[in-house]
Each structure stands twice: as C-alpha cells, then as structure tokens.
2 protein chains.
Amino acid sequence: MTPKPHAPKFHRATPTVRREALIEATLECLRKHGHDGVSARRIAAEAGVSAGLITHHFPSISALVAAAYETLAMRLLSSIQQHAIELDAGPRERLRRFFEASFAPALLEPGLFSTWLVFWSMIAHDAAVRAVQDRTYVAYRDALESLLGQLRASKGVPAFKLRPAGIALAALLDGLWIEASLNAEAFRPAEAVALCEDWVHALCYGALPSLLVQRPEGRARRAASSVGPE
Amino acid sequence: MTPKPHAPKFHRATPTVRREALIEATLECLRKHGHDGVSARRIAAEAGVSAGLITHHFPSISALVAAAYETLAMRLLSSIQQHAIELDAGPRERLRRFFEASFAPALLEPGLFSTWLVFWSMIAHDAAVRAVQDRTYVAYRDALESLLGQLRASKGVPAFKLRPAGIALAALLDGLWIEASLNAEAFRPAEAVALCEDWVHALCYGALPSLLVQRPEGRARRAASSVGPE
DNA sequence: CTCACTGTTTGACAACTGTACAGCTGGTGT
DNA sequence: ACACCAGCTGTACAGTTGTCAAACAGTGAG
C-alpha cells in the first residue's frame, strides 16, 4: 500500500456552512430513519463528521432538529407558493395550483411524513420546536388566507370570513396529505386536488353557511346608515 | 413498625387479564410521555410489574404497542359512534353528533395526540402496527360512509359518490383534529363542528362538483357550472 | 518557516434501551 | 397439608444514547 503523503483527516468549514450541512444531514436522517434518525451519531455519520461536532455547533440535539424543522417547513411552503403564483392566473386557478403542488410526488414521499411526525412529536417536550411550529403554521395559514383573500375580492364571490376559511382549508389539505401519506393506495393525488377544489367551489357558491359574513339586510332598512349597495 | 408477616411480593393474574392490564399501562405511558413512553421498563413500572413480564406476554414491545393501538382506536371509534347514533334523529343530525363527539374535550386532550403520533410513526417500521392502521382506518371510513349513505338516501339530497365523500370528510375531521391538537388556541371546538357541518351542507346542496354522480340526462343542478371567478 | 487560532476528533462517561433466562413464589387442585 | 407449575421476578447482557473535556490538526497570518 502506498500511503498518501497528504490525506487530510478532516475538512474545516465556517460555522455557518457547517451548521447548514448538519441541518441537511439531519433532514436526510429523519427522512430515512424517522424517529431513530434523531441521533447525534447517526446525523454526524450522515454529514461525514464526528459526533462531538454537533454539540459544538448546537446547544443540543433538539435545537438542531428545531432548526431543521424551520428550514424544511419554510422550504416546502415557499416551493408550493412559487408553484402557485402564476402571473396571469385568477385566484381560483392559483388555489388549484397550490393544491396541485401540495400533492405532488415530492410531497407524498413517505420519508417526508416520517420527518413531520418527528417534528410534531417533539412539540410537546421541546419549547424551541413548539416555537417553530407556531411560526410555520402561521406562515402556512397566512399563505392560504392571502389566496383566499384574492378570491374573495373577485366578482361574484360572496363575502366570507377569512380566518375560519383558512383554518378549514388548511385542515382539509393537511388531512388529505396525511391520509395519502398513511395509505398511498387510498386515493390518487388528482382526487385530493379535486376535493380541495370542491371545497373552494362551495365557498364561492356560498354553500358554506358558517363562513358567510352576516349581511344585516333586515336591519339595514331600518338603520339608514348602511352604505352597502342594495 | 410492625412488619406484615404475609405481604405477597406479586399478584398472579390470568394471561388475558394481565395482557389487558399491560395494554392499559401502555396507553397511559404513551399518553404521558409520548415517544419516550415506549419503554419496557416504563410500561412495566406503570403496570406495577417487572420489566421481564412484558416479553413473557408479548413477543416484543412493538407487538404490545400494536395491541394498544387497536384497543384505543376501536374504543374511540365506538365511543364516537355511540354518541352519534340517536334513535329518533335524521342523518344530518347524526353527522352533527358525530362531529361533536370528535371534538369533545376527551378527544382534544394533548396526550391523545402524542399517543397517536407514536402509532403513526411506527407504521413505517412495524408490519403489525401497519396492519392495525389499515384495519382501523377502514373501520373509521366505513362509519362515516354509513352515515353519509343514510344522508344520501334522504329526500332532496343529490346522489354523490360515497367513497370519495367519506375520504374527504375523514380528511377534514382529521385535519381539524390535528390542528386543534397542535394549537389548542387556534379555534374553538364549536368552530370545527360548524366547518364540518358546512361541508355536509355543501354536499347536500350539490355544491361539491367532483362528488356528484354524473346524471346522463337532464342534469338539473346548476352546481356543475362554475359560478366563481375564472 | 513558525506560530497561534479554532474547528474537529477522540475517548470516556453514566444512563438508558430490549431481550433472555434461571430461579423464586403464589395460589390452586388434590 | 402438600406439591405442583404457571406466572412472575431479578439479573445479566450487548447495545444504544447525549454530552463533555481534552487532545489534535487544518489553515491562514506573520
């Protein structure tokens, strides 16, 4: 054997780069091993690095996972949003594209579900993870409410309460995503998209009673201060 | 101190009883500790029993968890169903009671969500848990489809495809339950019930196009034509 | 070239894990 | 009163785990 005279035993990296590499390795570990992937040694091995390095760059394993959570959640959301925003498309079409992106093959990969379960299960114990969850959930619902807001501003769409509408649509999307992740054969992605579109259709149709804003029609005649068109 | 002359060091039980006690202890452990509750020693301690007894009654820890999954899932479903079935009530009212039961305080307890996450996260690795998941999910959707079937048989309700309707309603329920479990302050249980009722309302109104059965001749309902902005 | 800085490794630590198994014991049938 | 044995215990085992102090070695500056 000819020993190489100059084989560096490790590579130095700037803290930022190393932290990002560790986060990436964490995501890969969670994707592949689920809960068992939350292991300093496993993540370090995935990153091609020693285990002790993790504690050197992150206060704890859970802090690393929390950082990975934030990275993945924001990445996915912006990916879906980017797919949804088509310049010359109406609100209805944008929502459809949002749904499509939500049930694209990359989103239905089993490893992604395993990863998400790890994040969710850490919420109860770890405050940092809980904080990430709160932030990303707000961002997700804001994205939906923005699209729904554009829809509401369209002609022929009855006024509806934005916040509960966002909640319901987010729940429908989440629920379908989970069902599809739990049992890939239960239904096809196109069906999920159609079911979401159905809900939007019903919303535009005014067929979701509890979401409609109360139009004080009866009182408006008595109270002359009403400015709405009659 | 007067030492009791005859303090039995352990209590004998018939296998069936002991197994059920272990399952109950498992559920309690998962409820309290989530993923960390999956531990032979912890479960044994909860049951007031030595750790070795678990391997004596169950081939492995995951088999015990799978049994606990089946027990809890069936218990919850039959509890909800029992609450939903009111003798002199129409299908619409029964569905409303089903929703109510789904968002009762007992169902929104944080420990229940932690427990469920453990079950779900084991699906990917353990075949027995996966089998339980498949079975219980079918039972759950069957229960919904049964109620929806009664609804469809009602007067004034348009024909709709039962299976995708069950899928959508199950997803909406699951999604709302998860959102509520993740963030108890996001919305009140009554809102969740209202959103589910809205969906049923839209279904009865024929406002969910992809669920409507294609009527070859004289489709009178206007829901098939888009009313929203396009 | 040498030095110092600092990212990285190493090894050790105590506390866990699931499972196996030899032996003890409670309570029942005789 | 006795014996049996199923149910149960306790220990042992080979693995894990996260964290940390100390030693190490790349790498750029002087």
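Predicted model only: the values in this text are computed from it and were never measured.
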Note to self: How would you summarise protein contacts on nucleotides 8-15 of chain D per nucleotide, using B for base, S for sugar-phosphate only and - for none, with heavy-atom distances below 4.0 Å?
What the structure shows: SBB-B---
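- OP1 or OP2 of C:dG18 has at least one side-chain nitrogen or oxygen of B:S39 nearer than 4.0 Å.
- Going from atom CG of B:D126 over to atom P of C:dG18 covers 14 Å, rounded to whole Å.
- The interatomic distance linking B:I43 (CD1) with C:dG18 (C1') rounds to 11 Å, in whole Å.
- A salt bridge does not link A:E100 to A:R97: none of the charged side-chain nitrogens sits closer than 4.0 Å to a carboxylate oxygen.
- Summarising the geometry, the separation between CG on B:D36 and C1' on C:dT17 is reported as 12 Å, rounded to the nearest angstrom.
- With sequence neighbours left out, A:H33 forms a ring pair (Phe, Tyr, Trp, His ring centres under 6.0 Å) with no residue at all.
- With ring centers used as reference points, A:W116 lies under 6.0 Å from A:F119.
- Note: CD1 (A:I61) to P (D:dT16) measures 16 Å, nearest angstrom.
- Residue contacts shown for B:V17 are absent, as no nucleic acid heavy atom lies under 4.0 Å away.
- For the pair A:R19 CZ and C:dT8 P, the interatomic distance rounds to 12 Å; values are reported in whole Å.
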Check: side chain to side chain contact (heavy atoms under 4.5 Å, CB included) between B:K32 and B:R42: does it pass, once the steps are laid out?
Finding: CA-CA 11 Å; B:K32 286 195 289 198; B:R42 218 186 289 261; over 6 Å; no
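- With sequence neighbours left out, A:Y140 forms a ring pair (Phe, Tyr, Trp, His ring centres under 6.0 Å) with no residue at all.
- The CG atom of A:L22 sits 10 Å away from the P atom of C:dT9 (whole-angstrom rounding).
- Side-chain atoms of B:R152 come within 3.5 Å of backbone N or O of B:F160 as a donor-acceptor pair.
- Following rounding to the nearest Å, B:F58 (CZ) and D:dG7 (P) show an atom-to-atom distance of 14 Å.
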